[in-house]
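Scroll down for the structure; my scribbles are underneath it.
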Amino acid sequence: MTAKELLKKYQGKLEPAELDQILALAMHKKIEYLYKNPEKKLSVSTVKTFKKLFLLRLANWPLAYLKGDKEFCGLKFKVNKNTLVPRPESELIVAEALKYITRLDSRSTRQENNHQIIDIGCGSGALILSLAKLSKKKANYIALDISAKTLGIAKTNARKLGLKKIKFIKSDLLKNVLPIKFDLVLANLPYLNPKQLKEPSIKKEPRLALLSGQDGLDHYRQLFVQVPKYLNKEYLLLLEINPEQKEAIEKIITANLPDGKIKFLKDLTGHLRVVKISN
Ligand SMILES: C[S@@+](CC[C@H](N)C(=O)[O-])C[C@H]1O[C@@H](n2cnc3c(N)ncnc32)[C@H](O)[C@@H]1O
């Protein structure tokens, strides 16, 4: 059977682009190879692998788990069932953080590598490692997660990206963090409620990365009790939220950081996704 024939046989149940990716994966080739060679005869073992991957994808295993990696901010991140698959909308946090670091450096009289930056709930490390890699500025970068397995993946990603100086902390929010004053805090913590968790497309991703109490805000409620004493005189907090949480998160922030200026940023699809809090 040729690649084209196989794709025709399986069309309908998955998006055509996904089928192409699964076949390229089964062939151990880049997608471009598949596009250039639609008449390529497939071996029995390639067809068998394709069928296996197809069924896994139908059962909602993310393509990124099948591939073992995901591109984020133009960089490649290893992912598996212990890490959330980084989403393109989260790149907005990195873009804002990069702008802030640049401004911080131009104003600061301190040694640039004294800047303290933390990512709370780092998962694969997508946010903090992209920032460290793309900013090229020296700073103290801390990647924190409650899961040791997740941190293991983040450490692998740091090594693969050639980032040697990232500090990794296993902690429930800021419980195990010494009272450092942070200039920049990033957090894409779990923010879904039990109903939202039923969405089939996220079924195979870790519950620990997604669910946060009855209204999806337990993590941010706890974080805002802890975070004020960790903030430098000038700070920026960048959080990812669900668009429906705008009013609720505003209340949580103002209750704990009454002087904080709050701004909401829209993601690529026009939804409020990132909260920017500064003083
Ligand atoms: C939504 S995922 C975000 C992962 C990554 N930052 C990203 O943007 O792709 C949330 C992460 O928070 C971690 N997490 C959950 N509860 C936590 C807690 N109490 N303290 C620290 N990390 C937590 C999860 O293990 C998961 O890696």
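Every number for a ligand or one of its atoms is a count from 1 in the order of the listing.
Partner Leu210 forms a side chain to side chain contact (heavy atoms under 4.5 Å, CB included) with one of Leu84, Asn193, Leu189 and no other, that one being Leu84.
Of all the heavy atoms of Leu173, the ones lying under 4.0 Å from any atom of ligand 1 are found in both the backbone and the side chain. Proximity of Val85 to ligand 1, defined as any heavy-atom pair under 4.0 Å, is not found for any part of the residue. Using a 4.0 Å cut-off between heavy atoms, Cys122 contacts ligand 1 through its backbone alone, with no side-chain atom that close. Counting heavy atoms under 4.0 Å from ligand 1, residue Pro206 does not touch it at all. The residue Gln222 has no part lying near ligand 1, judged by heavy-atom distances below 4.0 Å.
Among all protein heavy atoms, the one lying closest to atom 26 (C) of ligand 1 is Asp145 OD2, 3.5 Å. Ranking the protein heavy atoms by distance from atom 16 (N) of ligand 1 puts His219 NE2, 3.0 Å first. At the shortest separation from atom 15 (C) of ligand 1 among protein heavy atoms lies Leu208 O, 3.2 Å. What sits closest to atom 19 (N) of ligand 1 on the protein, heavy atoms only, is Asp172 OD1, 2.8 Å.
Counting only non-hydrogen atoms, the option in Leu84, Leu151, Ile146 that gets closest to atom 14 (N) of ligand 1 is Ile146. Here the shortest heavy-atom distance to atom 6 (N) of ligand 1, taken over Ala148, Gly121, Pro190, Gly123, belongs to Gly121.
Geometrically, ligand 1 and Ala126 share no nitrogen or oxygen pair separated by less than 3.5 Å. For the pair Asn188 and ligand 1, the shortest N or O to N or O distance falls below 3.5 Å. Ligand 1 has no nitrogen or oxygen under 3.5 angstrom from a nitrogen or oxygen of Ser147. Between Ser124 and ligand 1, not a single N/O pair is under 3.5 Å apart.
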Q: Evaluate the salt bridge (charged side-chain N to carboxylate O under 4.0 Å, His left out) criterion for residues Lys233 and Asp183: first the C-alpha distance (whole Å), next the side-chain angles of each, then the deciding distance (0.1 Å), finally the verdict.
A: CA-CA 8 Å; Lys233 279 200 279 301; Asp183 301 278; over 6 Å; no

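Taking the six-membered ring for Trp and thresholds of 30 and 60 degrees, Phe54 and Phe50 have nearly parallel ring planes, at less than 30 degrees apart.
Against a heavy-atom cut-off of under 4.0 Å, Leu144 is close to the following atoms of ligand 1: 21 (C).
Contact between Thr150 and ligand 1 is present, with at least one heavy atom of the residue lying under 4.0 Å from the ligand.
Checking Gln245 against Tyr191 by side-chain atom types alone, no donor-acceptor pair falls below 3.5 Å. Of the N and O atoms on the side chains of Ser43 and Thr46, at least one donor lies less than 3.5 Å from an acceptor on the other residue.
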